[in-house]
Amino acid sequence: MDAESRTAGGDEGHGGAEPVVLYTEADTVAFITLNRPERMNTLTEGVIAGVADGIDRATASRSVRSIVLRGSGPTLTAGYDLNPGGGSDSSSGELYDSWGSPYSAPGPKPREGAWDPVRDWQFMGHNVKRFMKIWECPKPVLGQIHGWAIGGATDMILCCDLLFMASDAHIGYAPSRIYGTPTTMMWVYRLGLEHAKQFLLSGDAIDAETAHRIGLVAYVYPPDELGNQVEAFARRLAHIPANQLALNKLLVNQAFENMGLRTSQLLGTFFDGVTRHTEEAYRWVEDFETKGFRQVIAERDAPHGDYGERPL
């Protein structure tokens, strides 16, 4: 079926290991597939780079008219990988050791425990720029949500043009309870004031029926039909001239740019760094070592009965 299949980038896929992002083309549709199913497709430097590389490849491909962003295994993605060691005794120092940064200007070595807000903002801003390739791509990008899309997953998937969701899936920004704010800040622009506050203040998980009712996603299908329905829609777009698709996408996007989207992203990215360096955040991460990652997440979500209180 696939006319082309290759890795879409990410160093984690080198050395004979399975690539963390797959890129395939089938006629007029490009598929970008997150491929860390054993880790719930959590986001790493390699995954984010792979998604951005896949968008660039699909944009440059003359045969591709639309793009599908999806995940392998039981879930789309559980957000940023906050537990890189994979065990209950992962130290807080591991959290960002695997992340690269394009910003390495000369300067003094930071003192132990010091937080550089500018470096943090530049680092997270680099991720935002790569997520926004989805938004800026002249070809329609369809987001396929199955299982869960949590936290940083929403920073990525809400940049898509249209969202398709499995009827048993959930989406939400759990880090708003502690340790994060949305960086691409698409929530308010896709939902409006009331629902954006409803789900960002609480961090509550949103089921598919609710997501469709409030206008967060365009379509909901049974899990076993989701992939075929997304692909069918993507193929239908091939009957519309590429210039029409590009111009209509740009026109709609420009309206949201004029409403201050980029300014909101600047604040969201900076505030995300602030929330990760409060006293509460420091103690929360320290608990990973003493209680174990899964227990800490479960305690965060216990009052709400979602995420860590449910099997992913």
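Heavy atoms only: backbone and side chains are in, while hydrogens, waters and symmetry mates are out. All figures in this text were calculated on a predicted structure; none of them were measured in a lab.
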Chemist: Show, in sequence, the C-alpha distance, side-chain angles and deciding distance for Tyr179 and Trp284, and conclude whether the ring-ring contact (aromatic ring centres under 6.0 Å, His included) test is met.
Modeler: CA-CA 8 Å; Tyr179 214 69; Trp284 189 71; 5.3 Å; yes

Chemist: If you apply the rule side chain to side chain contact (heavy atoms under 4.5 Å, CB included), what do you find for Phe233 with Ser66, and how did you get there?
Modeler: CA-CA 9 Å; Phe233 189 98; Ser66 58; over 6 Å; no

Chemist: Whether Arg283 and Glu279 form a salt bridge (side-chain N of Lys/Arg under 4.0 Å from carboxylate O of Asp/Glu) is what I want to check.
Modeler: yes

Chemist: Looking at Thr28 and Arg235, would you say the former's side chain and the latter's main chain have a donor-acceptor pair under 3.5 Å?
Modeler: no

Chemist: Please report the closest heavy-atom contact between Ala208 and Ala166, naming both atoms and the distance.
Modeler: CB-O, 3.3 Å

Chemist: May I have the step-by-step check of side chain to side chain contact (heavy atoms under 4.5 Å, CB included) for Leu76 and Met165, ending in yes or no?
Modeler: CA-CA 10 Å; Leu76 173 62; Met165 194 169 182; over 6 Å; no

Chemist: Please determine if Arg236 and Glu231 form a salt bridge, counting it only when a charged side-chain N lies under 4.0 Å from a carboxylate O.
Modeler: no

Chemist: Does a side chain donor of either Arg36 or Thr42 reach within less than 3.5 Å of an acceptor in the other side chain?
Modeler: yes

Chemist: Counting only N and O atoms by type, is there a donor-acceptor contact under 3.5 Å from the side chain of His277 to the main-chain atoms of Asp272?
Modeler: no

Chemist: Hey, could you give me the OH/CD distance between Tyr219 and Gln229, rounded to the nearest 0.5 Å?
Modeler: 10.0 Å

Chemist: Are any side-chain N or O atoms of Asn41 and backbone N or O atoms of Thr77, one a donor and one an acceptor, separated by less than 3.5 Å?
Modeler: no

Chemist: Check Asn127, Thr269, Asp155, Thr154 against Thr183 for a side chain to side chain donor-acceptor pair (under 3.5 Å) and give me the one that passes.
Modeler: Asp155

Chemist: Regarding Asp207 and Thr210, is there a side-chain donor-to-acceptor distance under 3.5 Å anywhere?
Modeler: yes

Chemist: Thr33 and Tyr23: side-chain donor and acceptor closer than 3.5 Å?
Modeler: no

Chemist: Looking at Glu136, I'd like to know if its CD atom is crowded, meaning that more than 12 non-hydrogen atoms belonging to other residues, nucleotides or ligands lie closer than 6.0 Å.
Modeler: yes

Chemist: Indicate whether the side chain of Glu257 and that of Asn253 have a donor and an acceptor atom separated by less than 3.5 Å.
Modeler: no

Chemist: Taking OH in Tyr221 as the centre, count heavy atoms belonging to other residues, nucleotides or ligands within less than 6.0 Å. Is the count above 12?
Modeler: yes

Chemist: Between His195 and Leu216, is the side chain to side chain contact (heavy atoms under 4.5 Å, CB included) condition met? List the steps.
Modeler: CA-CA 10 Å; His195 290 311; Leu216 184 59; over 6 Å; no

Chemist: Begin with the C-alpha distance, continue with both residues' side-chain angles, and end with the deciding distance and a verdict on side chain to side chain contact (heavy atoms under 4.5 Å, CB included) for Asp81 and Leu43.
Modeler: CA-CA 5 Å; Asp81 191 346; Leu43 302 176; over 6 Å; no

Chemist: Would you call Asp53 and Lys133 a salt bridge, taking side-chain N to carboxylate O under 4.0 Å as the test?
Modeler: no

Chemist: So, Glu299 and Gln295: side-chain donor and acceptor under 3.5 Å apart, yes or no?
Modeler: yes

Chemist: Taking the basic N atoms (NZ, or NE/NH1/NH2) and the acidic carboxylate oxygens, is any pair closer than 4.0 Å for Arg177 and Asp204?
Modeler: yes

Chemist: Assess whether atom CH2 of Trp121 is packed by more than 12 heavy atoms of other residues, nucleotides or ligands within 6.0 Å.
Modeler: no

Chemist: Do Thr44 and Tyr80 pass the side-chain hydrogen bond (donor to acceptor under 3.5 Å, both in side chains) test, and can you show the C-alpha distance, the side-chain angles, and the key distance before you say yes or no?
Modeler: CA-CA 7 Å; Thr44 63; Tyr80 280 101; over 6 Å; no

Chemist: Do side-chain atoms of Lys139 reach the backbone of Ala58 as a donor and acceptor pair under 3.5 angstrom?
Modeler: yes

Chemist: If you look at every heavy atom in Cys159 and Met186, which pair is closest and at what distance?
Modeler: SG-CE, 4.0 Å

Chemist: Any side-chain heavy atom of Ile297 sitting closer than 4.5 Å to one from Arg294?
Modeler: no

Chemist: Check whether any side-chain heavy atom of Leu245 sits under 4.5 Å from a side-chain heavy atom of Leu237, and report yes or no.
Modeler: yes

